[in-house]
Amino acid sequence: LAKTTQPISMDSYEGQEVNITCSHNNIATNDYITWYQQFPSQGPRFIIQGYKTKVTNEVASLFIPADRKSSTLSLPRVSLSDTAVYYCLVGIYNQGGKLIFGQGTELSVKP
Amino acid sequence: SAVISQKPSRDICQRGTSLTIQCQVDSQVTMMFWYRQQPGQSLTLIATANQGSEATYESGFVIDKFPISRPNLTFSTLTVSNMSPEDSSIYLCSVDGGSNYEQYFGPGTRLTVT
């Protein structure tokens, strides 16, 4: 499974757009890029997944360049409740469903 | 989606004892997973549990230390045996969501070993 690299922490203010970039230089052709969010004292929660270009849902957008060696999770107009750890994962489902979590990015949103 | 509950939510145990953690899902699922999250750290997969077969353990985790049961498609248990303070962690179960890398996680069991 491809190794991922993310910033350890980020700070933001309410109402700002936050972009968290993940590097995955050895991503394989069949790999998907998936992001999870974990609030304190809770299990991780699936946010978004993509293969290429751009994916958007009600929570976030995911931008993937053509070479797929990185991806950017974009959170529009963050609020205090978006304070969490965000994990970028790369892999394919038929790897036995394993999720290999990297270190994640701890996002702190301030008023 | 799936709703997952875990029992107990937290416990404080003495070293040398064992604790069994239960994971209940509100729907039938094929694959269930157990993770450990040490304080301030990311999640580490302990094992994969499929109903009707032995659990598959990841490197660094052994059945004698973390025996797992999977008696049916909605339930699993993880036992942390002969505990030491190094076993103090949050233990989470998750289930396969049926699509690429979407899994649903339980709230976790916070274990403190003294």
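Letters go in sequence order (proteins before strands), and every chain restarts at 1.
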Student: To check you understand the geometry: which heavy-atom pair defines the closest contact between A:Pro44 and B:Phe105, and what is its length?
Tutor: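 Nearest pair, atom of A:Pro44 first, then B:Phe105: O-CD1, 3.3 Å.
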Student: CD1 of B:Ile12: more than 12 outside heavy atoms within 6.0 angstrom?
Tutor: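 Incorrect, the count does not exceed 12.
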Student: Residues sharing B:Ile21's hydrophobic cluster, by side-chain heavy-atom contacts under 4.5 Å among ILVMFWY, directly or via others?
Tutor: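 Cluster partners of B:Ile21: B:Leu19, B:Trp34, B:Ile46, B:Tyr57, B:Phe61, B:Ile63, B:Phe66, B:Ile68, B:Leu78, B:Val80, B:Met83, B:Tyr91, B:Leu111, B:Val113.
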Student: Assigning hydrophobic clusters by single linkage (Ile, Leu, Val, Met, Phe, Trp, Tyr; side-chain heavy-atom cutoff under 4.5 Å), is A:Phe63 placed with A:Trp35?
Tutor: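 A:Phe63 does not cluster with A:Trp35.
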Student: Who pairs with A:Arg45 by side chain to side chain donor-acceptor pair (under 3.5 Å), at least two apart in sequence or on another chain?
Tutor: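 Here the qualifying residues are A:Gln37.
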Student: Measure the CD-OG1 distance between B:Gln103 and A:Thr34 for me, rounded to the nearest 0.5 Å.
Tutor: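 These two atoms lie 10.0 Å from each other.
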Student: Of all the residues in residues 102-111 of chain A, which have a heavy atom that comes within less than 4.5 Å of a heavy atom in chain B?
Tutor: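 Answer by number: A:Gly102, A:Gln103.
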Student: Counting heavy atoms not belonging to A:Tyr13, are there more than 12 under 6.0 Å from its OH?
Tutor: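 At most 12 heavy atoms, drawn from other residues, nucleotides or ligands, come within 6.0 Å of this atom.
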Student: For the residue pair A:Tyr87 and B:Gln37, what are the closest heavy atoms and their distance?
Tutor: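 Taking A:Tyr87 first and B:Gln37 second, the nearest heavy atoms are OH-NE2, 3.4 Å.
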Student: Around atom CD of A:Glu14, are there more than 12 heavy atoms of other residues, nucleotides or ligands at under 6.0 Å?
Tutor: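 Atom CD in A:Glu14 is crowded, with more than 12 foreign heavy atoms closer than 6.0 Å.
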Student: Give a yes or no on whether B:Phe33 and B:Leu73 share a hydrophobic cluster (residues Ile, Leu, Val, Met, Phe, Trp, Tyr; joining criterion: side-chain heavy atoms under 4.5 Å apart).
Tutor: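 No, because B:Phe33 and B:Leu73 fall into different hydrophobic clusters, even though each may have its own neighbours under 4.5 Å.
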Student: Give every residue pair that meets the disulfide bond (SG atoms under 2.5 Å apart) criterion with at least one member in residues 23-76 of chain B, sequence neighbours excluded.
Tutor: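 Applying disulfide bond (SG atoms under 2.5 Å apart) to every pair that reaches into residues 23-76 of chain B, excluding sequence neighbours, yields B:Cys23-B:Cys93.
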Student: Heavy-atom pairs under 4.5 Å with chain A are the metric here; pick the option from B:Leu45, B:Leu92, B:Leu43 that has the most.
Tutor: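 If we count pairs closer than 4.5 Å to chain A, B:Leu43 comes out on top.
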Student: Using non-hydrogen atoms and a 4.5 Å limit, figure out which bit of B:Gln6 sits close to chain A: side chain, backbone, both or neither.
Tutor: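 For B:Gln6, neither part sits under 4.5 Å from chain A.
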